[in-house]
Amino acid sequence: MAHHNLDNLDKKILRMIAEDARVPFLEVARACNVSGAAIHQRIQKLTNLGVLQGSQFLISPEKIGYETCAYIGLNLKHPESFDTVVKALKEIPEVVECHYTTGDYDMFIKIYAHNNHDLLNIIHDKLQPLGLSRSETIISFGSAFERQLPIVELPLDD
């Protein structure tokens, strides 16, 4: 993957919007001593480079009835079927992340279910038919914290 050299203005913009994605561009512009148009251009540039990837509201799964969060390591009977399995996993709405991994698993997924019984049904009815040789499920009791990757490693050259 390409690493992009960011100048001081890019770094300052990233710090501000990582802290609050809803901060008005004019407020960012004032803090950076540039025009609002300059901020719009920089945001567009960072988006085009793939540094910024969209913006969205985050929904709390628990607040809408998904009380069980689990991580499942998947081993495929036929590892050459990665693409087919990934395509099928995308069709399971409860699966919110899928990672190719090294180590004990071919893939590692994050999944939400209404409760443990629902999780069992999803594993049995939706995951097992994908051609798994085995799976290992780890149920999360709760997240200690979640965050964006900090921008603190990007020093400002004042």
Side-chain angles (χ1 to χ4, degrees), residues 1-4 6 10-28 31 39-40 42-154:
M1 284 191 207
H3 171 75
H4 299 288
L6 304 174
D10 292 332
K11 294 171 189 177
K12 191 165 187 176
I13 293 167
L14 287 174
R15 280 192 187 110
M16 288 188 72
I17 65 174
E19 187 176 307
D20 178 7
R22 297 178 72 178
V23 63
F25 284 179
L26 286 177
E27 187 175 323
V28 176
I39 296 301
H40 281 278
R42 290 298 181 113
I43 295 288
Q44 189 60 51
K45 176 189 90 166
L46 293 167
T47 301
N48 291 342
L49 290 173
V51 174
L52 289 175
Q53 299 178 353
S55 61
Q56 58 189 348
F57 287 102
L58 299 176
I59 298 169
S60 171
E62 190 174 76
K63 299 287 185 190
I64 61 169
Y66 289 87
E67 296 179 1
T68 299
C69 173
Y71 297 87
I72 304 176
L74 305 176
N75 290 96
L76 306 179
K77 287 180 188 172
H78 306 286
E80 66 276 6
S81 65
F82 268 148
D83 293 339
T84 304
V85 172
V86 168
K87 186 176 179 183
L89 288 170
K90 286 181 180 179
E91 298 299 317
I92 302 172
E94 296 89 351
V95 176
V96 296
E97 289 183 32
C98 177
H99 301 267
Y100 297 118
T101 61
T102 61
D104 290 338
Y105 310 113
D106 296 321
M107 294 179 195
F108 203 70
I109 63 171
K110 181 177 181 180
I111 187 170
Y112 285 101
H114 293 289
N115 51 44
N116 290 348
H117 183 74
D118 186 38
L119 177 62
L120 176 64
N121 288 337
I122 293 167
I123 293 169
H124 182 268
D125 298 341
K126 297 180 179 181
L127 296 180
Q128 289 300 332
L130 300 179
L132 304 182
S133 62
R134 75 179 191 90
S135 66
E136 183 174 341
T137 303
I138 301 165
I139 294 177
S140 170
F141 290 133
S143 174
F145 67 89
E146 294 180 31
R147 65 177 171 204
Q148 288 274 10
L149 183 64
I151 309 298
V152 294
E153 293 81 30
L154 300 173

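Just so you know, these numbers use all the heavy atoms, side chains as well, and skip hydrogens, waters and symmetry mates. Residue numbers run from 1 in the order of the sequence given.
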Practice task
Show your working on side-chain contact (heavy atoms from CB on, under 4.5 Å) between N115 and D118 and close with a plain yes or no.
Solution key: CA-CA 5 Å; N115 51 44; D118 186 38; 3.4 Å; yes

Practice task
Tell me, with the steps shown, if L52 and L14 meet side-chain contact (heavy atoms from CB on, under 4.5 Å).
Solution key: CA-CA 9 Å; L52 289 175; L14 287 174; 3.7 Å; yes

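Residues in residues 59-70 take part in these side-chain hydrogen bond (donor to acceptor under 3.5 Å, both in side chains) pairs, two or more places apart or across chains: T68-N116.
Residues passing the salt bridge (Lys or Arg N to Asp or Glu O under 4.0 Å) test with D106, sequence neighbours excluded: none.
I109 CD1 to L127 CG: the interatomic distance, rounded to the nearest 0.5 Å, is 5.0 Å. Distance check, rounded to the nearest 0.5 Å: CD1 of I64 to OH of Y112 gives 10.0 Å. Here the straight-line distance linking atom CD of Q53 with atom OG1 of T47 works out to 9.5 Å at 0.5 Å rounding. With rounding to the nearest 0.5 angstrom, the NZ atom of K110 is 7.5 Å from the OG atom of S140. Taken to the nearest 0.5 Å, the CD1 atom of I43 stands 11.5 Å off from the CG atom of N48.
Of all heavy-atom pairs between E27 and M16, the closest is O-CE, 4.3 Å. In terms of heavy-atom proximity, K12 sits nearest to A31 at NZ-O, 2.9 Å. Taking each heavy atom of H124 and P129 in turn, the nearest pair found is O-CD, 3.5 Å. Pairing each heavy atom of D10 with each of R42, the nearest pair is OD1-NH1, 2.9 Å. Minimum interatomic distance between F108 and G73 (heavy atoms only, all atoms of both residues): CD1-CA, 3.6 Å. What you find for L76 and M107 is that their closest heavy atoms are CD1-CE, 4.0 Å.
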